[in-house]
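These notes are about the structure you will find just below.
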There are 4 protein chains.
Amino acid sequence: MAAQDGLKNRGHTSADVEERRKAVEQLTEADLKAITDYSFDPEKASKNIENMIGVTQIPLGFAGPVQINGDYANGPYLIPLATTEGALVASVSRGMSVITAAGGSRVKVFDDAMTRAPVFRVNGIDHCVEVIEWIRKNVDKIDEAVCSTTKHGKLMEIETFPNGRNLHLRLSFSTGDAMGMNMATIASEAVCRLIEENTGAVAVSVSGNMCTDKKPAAINSIRGRGKYVIAEAKIPKDIVESKLHSSTDAIVELNERKNLIGSAMAGSLGFNAHAANMIAALYIATGQDPAQVVEGSMCMTTCENVDGDLYIAVRMPAVEIGTVGGGTRLPTQTAALQMIDCLGEGKARKLAEIVAVTVLAGELSTLGAQAAGQLGRAHKELGR
Amino acid sequence: MAAQDGLKNRGHTSADVEERRKAVEQLTEADLKAITDYSFDPEKASKNIENMIGVTQIPLGFAGPVQINGDYANGPYLIPLATTEGALVASVSRGMSVITAAGGSRVKVFDDAMTRAPVFRVNGIDHCVEVIEWIRKNVDKIDEAVCSTTKHGKLMEIETFPNGRNLHLRLSFSTGDAMGMNMATIASEAVCRLIEENTGAVAVSVSGNMCTDKKPAAINSIRGRGKYVIAEAKIPKDIVESKLHSSTDAIVELNERKNLIGSAMAGSLGFNAHAANMIAALYIATGQDPAQVVEGSMCMTTCENVDGDLYIAVRMPAVEIGTVGGGTRLPTQTAALQMIDCLGEGKARKLAEIVAVTVLAGELSTLGAQAAGQLGRAHKELGR
Amino acid sequence: MAAQDGLKNRGHTSADVEERRKAVEQLTEADLKAITDYSFDPEKASKNIENMIGVTQIPLGFAGPVQINGDYANGPYLIPLATTEGALVASVSRGMSVITAAGGSRVKVFDDAMTRAPVFRVNGIDHCVEVIEWIRKNVDKIDEAVCSTTKHGKLMEIETFPNGRNLHLRLSFSTGDAMGMNMATIASEAVCRLIEENTGAVAVSVSGNMCTDKKPAAINSIRGRGKYVIAEAKIPKDIVESKLHSSTDAIVELNERKNLIGSAMAGSLGFNAHAANMIAALYIATGQDPAQVVEGSMCMTTCENVDGDLYIAVRMPAVEIGTVGGGTRLPTQTAALQMIDCLGEGKARKLAEIVAVTVLAGELSTLGAQAAGQLGRAHKELGR
Amino acid sequence: MAAQDGLKNRGHTSADVEERRKAVEQLTEADLKAITDYSFDPEKASKNIENMIGVTQIPLGFAGPVQINGDYANGPYLIPLATTEGALVASVSRGMSVITAAGGSRVKVFDDAMTRAPVFRVNGIDHCVEVIEWIRKNVDKIDEAVCSTTKHGKLMEIETFPNGRNLHLRLSFSTGDAMGMNMATIASEAVCRLIEENTGAVAVSVSGNMCTDKKPAAINSIRGRGKYVIAEAKIPKDIVESKLHSSTDAIVELNERKNLIGSAMAGSLGFNAHAANMIAALYIATGQDPAQVVEGSMCMTTCENVDGDLYIAVRMPAVEIGTVGGGTRLPTQTAALQMIDCLGEGKARKLAEIVAVTVLAGELSTLGAQAAGQLGRAHKELGR
């Protein structure tokens, strides 16, 4: 049947997309006209998707400007946010306005490494010791194996986690301006083969989940993955009052009862109000991997009363982003990256700084609103 | 200046969007033409975003067909996935093909409730006891307060978590076909006011983070939030071999060393391979909240050898989705929902079933590929 | 050989103990004279140990008096602590002196239930649903099965946690004044048999680790196990200064940076300074199960500045103790229980109150000492 | 009054102990005769306890012999266990008998370091960067400061965890044969003073809870604290059947459903059956710190079917023990250490090996019993 044939089309031209879309329409009786309005040649997306039938359109807004005082991002920025959650952009913008009025946000990348963690089957303790010894003595060969697969990536550390007949490794790489997961995966596969050949250990998976990718895990919250970034701002007392309609003490109290104590009681790995919202909106806008919102959400927000003023900071140990490759190549994503001058080589840490400041703004705004008892009203007025 | 004025425009018409976009272009020197190609009247998105300047386009593909044997979804389905991660759609499709060849996936929603967890400041233990007593004796009044704010939502349970001068409550609501967070928030605010007025406890936040929303938290993994869904499939041995080029034992071993042991050693709350990928792609396509991929990622994948065949299941305790409101109202998202007949009233549990089966397919495919040592090659060929 | 024969002696008289001890001495060449000085007839310990060869002696001190304002413990108490950690008793005593000077500690048991969580193998989702349905419809029969095994225990709740071919139940029991683990285990075994017979589910273990016994687990920290107790005190500003040589603000700051933020960053389930020390010393002195120090350690300490005074509280969700059975029957343990009038029936909640106040005192003292920069010196002077 | 005076006695002689005990008896009306039977001069315990009034006696039994094939412990051992939990010694002994029949347990210490983690208050990001830089450039001075406080301890690593106005460090030390907490604390205090003087950072606490001591924490489970030990055994199929009355597959299944899946669903950091029982009994017998049973409980037990035989292993990342100092100096504890030739210098790793094998035996026995459905009966017959 024609429709079934359409489904089997594996091409990447507009005609192929059309054929598939029509087949899907025919089979599902859905009206898919809305998804046909794409602004790019589908062949450009041939490395980003299979079976393309159109595009999903997410409304894109801007928040800001926000004054960023980073090592890479320095100046006022307008931030692209793709979201369908009413009130989010307005809320982040409000936070940015407060931060900017207070002189901006200092932000810094403290660490930068992508990890991949293979798991091997070993015969038991003695074999495990042999394998670990072999690794320790052959770091040069392992480096060579990594270098044979990538010219941007560099192996920085090998950690070993023995456990009975399991040997987990955690490999850390610098990955330049790519988010780096594929680079790390391919390099790790070369390492796996090398170890297999020389030790008899069996590489059961190139990813044994101690990476940890796209799952919440204490190992990343503690040790970091991708960029480990901190953003801070100091909001003078009078700005807290005039712009947030709250007080330093009310926000500090709220942060403690909610983000520290409440999260602790819930057995949470995230100690923040809604970091994931800002991360998701900025990741989607700029072509990042939205599944990595998971790690991004392990953010800790702290607030202090410093001489009456409000000090607020976010610790984000796992910002996994890139400015080359992946979704960054698509036109709307490229445009969003251009808005913040983050497209291409040499921009990944700058983007990480922008992510953290955006989260800071969203946290500040929500804490301010809740401290002022406004949360419900904000949603009612702007909301869904 | 004109550009600055453009930024301040708060309107929702196409002309407003254009004015803002041009202002952003002028200020950032970015070329934003790509984002102007939207297929809907921006006024339709007025409850979804502020400061709209265009749209982000995410390539949309389909996976499947997959045979689903749910209580709500029953039959073969083509699944819309919006992603920029090369190989994902192909991989999920492969999993679906295996599942379908094996007779499909049985899937069931075991629980269904949305939570919101206010935190109160009390004076200490004696006051805390009084407040808890008042709540126990006045469930009727609390119900009334809830009903005054919503006709779809219904309060199902109130849990109390005392802690010194903090009293955390966790309110569970049935929320019909909406994801329900706003409904739960507004109802909880009414509950907060009632408790404040009658007990002297101070509602510090309508969300004290024991909800827990958009942060990974054991409380949700244990107790569930939104839909608690399980999907399973039993893949005959010969299909494992012919279609996955692997064996039941190899996949079972991989799942144990990686998803159970590796995740446990990493201090993770997610015991799966890459559930977040499928969740993100399906949530974005259908207008769900992508920040809730966080909770979705707390999935556990189990595999067993049952008489030589492969039994595989995913436990997803926190699928937070809706088929009305939020992003579901936008045209491309509506189209995707139509593809799976999940638009509007009476469809939320059906969508939850589809989410779980899609995750199952992605898990099966990735485990199969890793067990067959193909992961690297798959990415190299299709990849980024 | 004689020594080997001695090892095989399974008797409980003093002569049997002697024979075994001599055999061990002969085989190991250790001088075991020190362990022979026991103050009771070994036959009294026949239900507490096998292969007895003597006793371990732990120095027993007292801390206090401390003024306790509980629902069960009311008045000044001297607390027995068995420990080998120098400075511990002195430190706890100091905290008690401060608490008493401030009018004592209010303490309350908020919840009281012992859990046991069997795991069943089911055939898959449909079978799992049948088993859950059977359980829901046959609560009466399940109650009967429980009652057939115990006259003190009562089933309070059955929670179900389906997961593929696993079905975990969590049974909660009231257990009177026994810690209740054995009672709960035996009752749960009866429940397991009943479910097996009626549903075809296979009880793989009477304890599937969702209990969770003797392992740190969020489920207990969230939901409680044994007694859920809170103790608090309000220390006037001048007492903080005169007796702790510190200030309210210094202690509040320390608690936040260490017990809340530091523990959160470490991925911890315990948000306290050293609760386990006090729990261990009091559990050992009074014949509790020292392995349950694990759950006890999941304590959260909170501190607040209330009008300049220091409010401090400990939330202890999992105090698993008893005043009958187990180690409480032994003479030195009986003596310690008598010291706090906690021996026998009707005393378990009283003991739980005393545990929490003792932990509170130790927390207060250590926080005070650290805030005053004294920790090192305290150990140097009294120390090991 | 005389009794009140007795309480105030701070001496360490037998007469002082007697005076205090009588005072306590008079005030509490308890009969404390049982606690007076101590086998040592109380002055020997003057560094272990204050306010001594007697001793707690814990029945001491032996388990074994067990064949240990460690790097330090090599041969058959009789293991001292102090417990009041009926059936524990018998159960461990049964496990040891199985292990020994199978040729013994291979055991190895993979890592060995004690940690202490101070927390500093810094002014914000820029100050934090300065402090971290100072630390990196002055490792020599920090080493000197450490060496000025200890001749046994050596600083091995400094990790930095910035977080807003908090800077947490994690210092790792080798500590010879002492458990090493006091050594690490005193050395860390010297480091704190040095950093304070040179950077203006304020040492809020020498322990900021990222150590993490006596609280369950993922950081220790991932990275280890004290000794990181693994013990394994391979039990031939016929021994599983004849001695455990079970089968390899039944035990492997049980371990997966209970120790891996059940613990994961409970949000646990311990993936074992009852490791804490063995740790507590051995720690108490040998004068270790029983509060550190908490970290010990974060053990992972894995089981595999290897060609029909049962492979079982325990991973214990945080065995915090010593063979000098602390409670090891007391006579009954010294005697127990002599039983296993672990008294004094050069014995700490040997003791760690023995701890792990003892845990392995207890795990094997309990898993075997549960797999054979015997758990309840064992407790009923021997039980409490």
Side-chain angles (χ1 to χ4, degrees), chain B residues 110-111 161 210 212 215-225 228-230 232 247-273 275 295 297-308 310-318, chain D residues 110-111 161 210 212 215-225 228-230 232 247-273 275 295 297-308 310-318:
Chain B
F110 279 84
D111 221 330
F161 299 93
M210 292 194 77
T212 303
K215 275 89 65 185
I219 199 167
N220 289 342
S221 150
I222 294 167
R223 307 272 291 157
R225 187 166 194 254
Y228 180 146
V229 201
I230 300 179
E232 71 182 3
S247 71
T248 296
D249 283 342
I251 291 175
V252 168
E253 177 187 357
L254 167 63
N255 192 68
E256 175 146 341
R257 296 197 196 277
K258 171 190 174 69
N259 287 343
L260 297 184
I261 293 174
S263 283
M265 289 173 76
S268 183
L269 291 166
F271 295 81
N272 59 77
E295 290 95 313
S297 72
M298 296 188 302
C299 158
M300 187 183 294
T301 301
T302 52
C303 291
E304 301 190 24
N305 180 326
V306 177
D307 303 327
L310 174 67
Y311 175 89
I312 180 168
V314 291
R315 172 190 187 255
M316 305 195 60
Chain D
F110 279 83
D111 222 329
F161 300 94
M210 293 194 77
T212 302
K215 275 88 65 184
I219 200 168
N220 289 341
S221 149
I222 293 167
R223 307 269 294 156
R225 187 168 194 251
Y228 180 145
V229 202
I230 301 178
E232 71 182 3
S247 71
T248 296
D249 283 342
I251 292 175
V252 169
E253 177 186 357
L254 168 63
N255 191 69
E256 175 146 341
R257 297 196 196 279
K258 169 191 176 66
N259 287 343
L260 297 183
I261 293 174
S263 284
M265 290 173 74
S268 183
L269 292 165
F271 295 81
N272 60 77
E295 289 96 314
S297 72
M298 295 188 301
C299 159
M300 186 182 295
T301 301
T302 52
C303 291
E304 301 190 23
N305 180 328
V306 178
D307 303 326
L310 174 67
Y311 174 89
I312 180 167
V314 291
R315 173 189 185 255
M316 304 195 61

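Throughout, protein chains are lettered first and strands after them, A, B, ... in sequence-line order, and every chain is numbered starting at 1.
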- Cut-off 4.5 Å, heavy atoms of chain D, and the answer for B/Thr302 is side chain
- Query: Closest heavy-atom contact between B/Asn272 and B/Cys299?
  - Reply: ND2-O, 2.9 Å
- Message: Heavy-atom cut-off 4.5 Å, strictly under: side chain, backbone, both or neither for B/Leu260 against chain D?
- Response: side chain
- Message: So for B/Glu304, is it side chain, backbone, both, or neither that comes closer than 4.5 Å to the heavy atoms of chain D?
- Response: side chain
- Item | Distance-minimising heavy-atom pair for D/Ala266 and B/Ile222 | O-CD1, 3.8 Å
- Message: If you define the side chain from C-beta out and look only at heavy atoms, does anything of D/Asn255 sit under 4.5 Å from D/Thr301?
- Response: yes
- Which heavy-atom pair separates B/Phe271 from D/Ala264 by the least distance, and what is that distance? CZ-CB, 3.4 Å
- Query: D/Asn220 side chain to D/Thr212 main-chain N or O, any donor-acceptor pair under 3.5 Å?
  - Reply: yes
- Message: With salt bridge (Lys or Arg N to Asp or Glu O under 4.0 Å) as the test, pick out the partner of B/Glu295 among B/Lys215, B/Arg223, B/Arg225.
- Response: B/Arg225
- Please state whether the side chain, the backbone, both or neither of B/Arg257 comes within less than 4.5 Å of a heavy atom of chain D. side chain
- Item | Side chain / backbone / both / neither for B/Ile219 at chain D, heavy atoms under 4.5 Å | neither
- Task: Answer with side chain, backbone, both or neither: which region of B/Met265 has an atom nearer than 4.5 Å to a non-hydrogen atom of chain D?
- Result: both
- Message: Among B/Glu253, B/Met298, B/Met300, which residue has the highest count of heavy-atom pairs closer than 4.5 Å to chain D?
- Response: B/Met300
